[in-house]
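A short write-up of the structure that comes next.
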2 protein chains.
Amino acid sequence: MPGGRPRSFDADTALDRALEVFWRQGYEGTSLIDLTTAMGINKPSLYAAFGNKEELFGKVLARYLEGPGGYTSAALEAPTTREVVRLLVHGAVDLTTGQETAHGCLCVKSVQAGGPDAEPVRRDAVAARKAGEAALRRRLEQADDLPPGHEPADLAVLVHTVSDGIAVQAAAGRTREELTRVAESALHALFD
Amino acid sequence: MPGGRPRSFDADTALDRALEVFWRQGYEGTSLIDLTTAMGINKPSLYAAFGNKEELFGKVLARYLEGPGGYTSAALEAPTTREVVRLLVHGAVDLTTGQETAHGCLCVKSVQAGGPDAEPVRRDAVAARKAGEAALRRRLEQADDLPPGHEPADLAVLVHTVSDGIAVQAAAGRTREELTRVAESALHALFD
DNA sequence: GGGGTAATGTACCGATAGGTAAAAAACTTT
DNA sequence: AAAGTTTTTTACCTATCGGTACATTACCCC
């Protein structure tokens, strides 16, 4: 059982190229030609390696969450609640205002995709968000240093909401410096 | 100089129908057939009355900002800073989780539209957001009851950011009850 | 009851969307 | 070197996209 013609591209770097264009243009705003051009391959190769556009997006989203979005799970291991939240909101600023990446968050962008054929993509994004929020809630439920008057579940959603807002602001053109001040203001409001 | 055949539709209600579908499906996710079907007219009538898809969206966005989005300017007239912010965040919850409207915010959705041909739409949305933020900042600059340690400009952006986050959460399926708790948590963090 | 005028209905346009069939090319094994 | 396997290349498919030409219809004015 031998192997045939070898691949002319690396699957992971091709996924990274696809991530760039999906991140910048969103699922609905990205065409197959955009993808194949960015990935340096042609359509049959794309389909053979990654499935159709929808499946490719699923793989790209997973790679996004584990790569650029990996700071979220790392943040949960910080010792204090304040530090956890600080890493989350500043991480959101860094992620969404990167100099070499598109501004905004792929997951936030995707959850807003409204077209009928984008619904599976939307569901993927919603599922990823739910998982992230559940992890943060569990972390906060085990904390003993919550800000006074805040329930763990509510605080988890609030922090998530601020992160989402940061992503929207970044996509709308707000600079990293401005959003860093926003993150600091949010921390000040919550913990000082 | 008489008028020819009269219109068979009311322009404002047609705009409202177009608003519904743009709100639900976004600019890129909405086709002309979606629009003409919802508006009850055919394409030549649409083009004669509203211009092309892009111009139609501009008129729809203006109508959205003055109608469902009108609570933002009304909120600025509240006597206290806390009341202004309270009206803004709870207004965002009401707007984005309406029972008879799509969940999420048209303006937030549009600012995330990434396709190349959606760029003028994105600019319209960004301009509307800038105007709203400037109005809030001016209102806060004249206040003498800001929460301690917050600058007016930073607070304006933070409140806007929380509203954006609420819109994203609503689009992702969060319920009105949950988001009401988020709004209350945000107020508590800022003012209590 | 005819002009003039503006909106409607129908049918169509080129371009592009996502997706695929089939043949040529590059490798491994025997 | 020949058979078998898998990828690449090229060319093409149908459906739909936003947008429009043209003839028809319904109104006002005289």
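Reminder, nothing fancy here: chain letters follow the sequence lines and each chain counts from 1.
- A salt bridge (Lys or Arg N to Asp or Glu O under 4.0 Å) check over residues 182-192 of chain B, counting only residues at least two apart or in different chains, returns the pairs Arg82(B)-Asp192(B).
- What separates CG of Leu46(A) from P of dT20(C) is a distance of 12 Å, to the nearest Å.
- In summary, the side chains of Thr80(A) and Asp145(A) do not present any donor paired with an acceptor at a separation below 3.5 Å, with no hydrogens or angles considered.
- Non-hydrogen atoms lying under 4.0 Å from DNA chain D are contributed by Pro6(B), all within residues 6-26 of chain B.
- Contacts classified as salt bridge (Lys or Arg N to Asp or Glu O under 4.0 Å) and involving residues 39-64 of chain B (residues at least two apart or in different chains) are given here: Asp12(B)-Arg63(B), Asp16(B)-Arg63(B).
- Among pairs with a residue in residues 155-181 of chain A, those fulfilling salt bridge (Lys or Arg N to Asp or Glu O under 4.0 Å) read Asp94(A)-Arg176(A), Arg129(A)-Asp164(A), Arg174(A)-Glu178(A), Arg174(A)-Glu133(B), Arg181(A)-Asp154(B), at least two apart in sequence or across chains.
- Near-neighbour residues of DNA chain C inside residues 48-58 of chain A, defined by a heavy atom below 4.0 Å, number-ordered: Asn52(A), Lys53(A).
- The side chain to side chain donor-acceptor pair (under 3.5 Å) analysis of residues 101-114 of chain A, with sequence neighbours excluded, yields no pairs.
- Note that the two end axes of the helix from dG1(C)-dC30(D) to dT30(C)-dA1(D) enclose an angle of 10°, each drawn from 5 base pairs, rounded to 10 degrees.
- With sequence neighbours left out, Tyr64(A) forms a ring-ring contact (aromatic ring centres under 6.0 Å, His included) with Trp23(A).
- A salt bridge does not link Arg24(B) with Glu20(B): none of the charged nitrogens is closer than 4.0 Å to a carboxylate oxygen.
- Within the structure, the ring-ring contact (aromatic ring centres under 6.0 Å, His included) test picks out the following pairs touching residues 163-192 of chain B (sequence neighbours left out): His150(A)-His188(B).
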Donor-acceptor pairs are to be reported for all side-chain atoms of residues 115-126 of chain B against protein atoms at under 3.5 Å, with residues two or more places apart or in another chain.
from: Arg122(B); atom 1: NH1; to: Ala171(A); atom 2: O; distance (Å): 2.8

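- Grouped by direct or indirect side-chain proximity (heavy atoms under 4.5 Å, Ile/Leu/Val/Met/Phe/Trp/Tyr only), Leu87(A) sits alone.
- Contacts between residues 31-44 of chain A and DNA chain C, counted as heavy-atom distances below 4.0 Å, involve Ser31(A), Leu32(A), Ile33(A), Lys43(A), Pro44(A).
- Considering only side-chain N and O atoms, Ser45(B) lies nowhere under 4.0 angstrom from the phosphate OP1 or OP2 of dA7(C).
- The nearest pair of heavy atoms linking Pro152(A) to Leu140(A) is O-CD1, 3.8 Å.
- One atom, CD of Glu28(B), and another, P of dA17(C), lie 12 Å apart when rounded to the nearest Å.
- Aromatic ring pairs are classed by plane angle as parallel below 30°, tilted from 30° to 60° and perpendicular above 60°; the pair Phe50(B) and Phe9(B) is tilted.
- Of the candidate nucleotides dT8(D), dA7(C), dG18(C), dT8(D) has the atom lying nearest to any side-chain atom of Arg5(A).
- Rounded to a whole Å, the CG atom of Asp117(B) is 10 Å from the C1' atom of dG18(D).
- Atom-to-atom, OH of Tyr27(B) to C1' of dC17(D) comes out at 12 Å; the value is rounded to the nearest Å.
- Side chain of Ser73(A) to main chain of Gly70(A): a donor-acceptor pair is present (N/O by atom type, distance under 3.5 Å, no hydrogens or angles).
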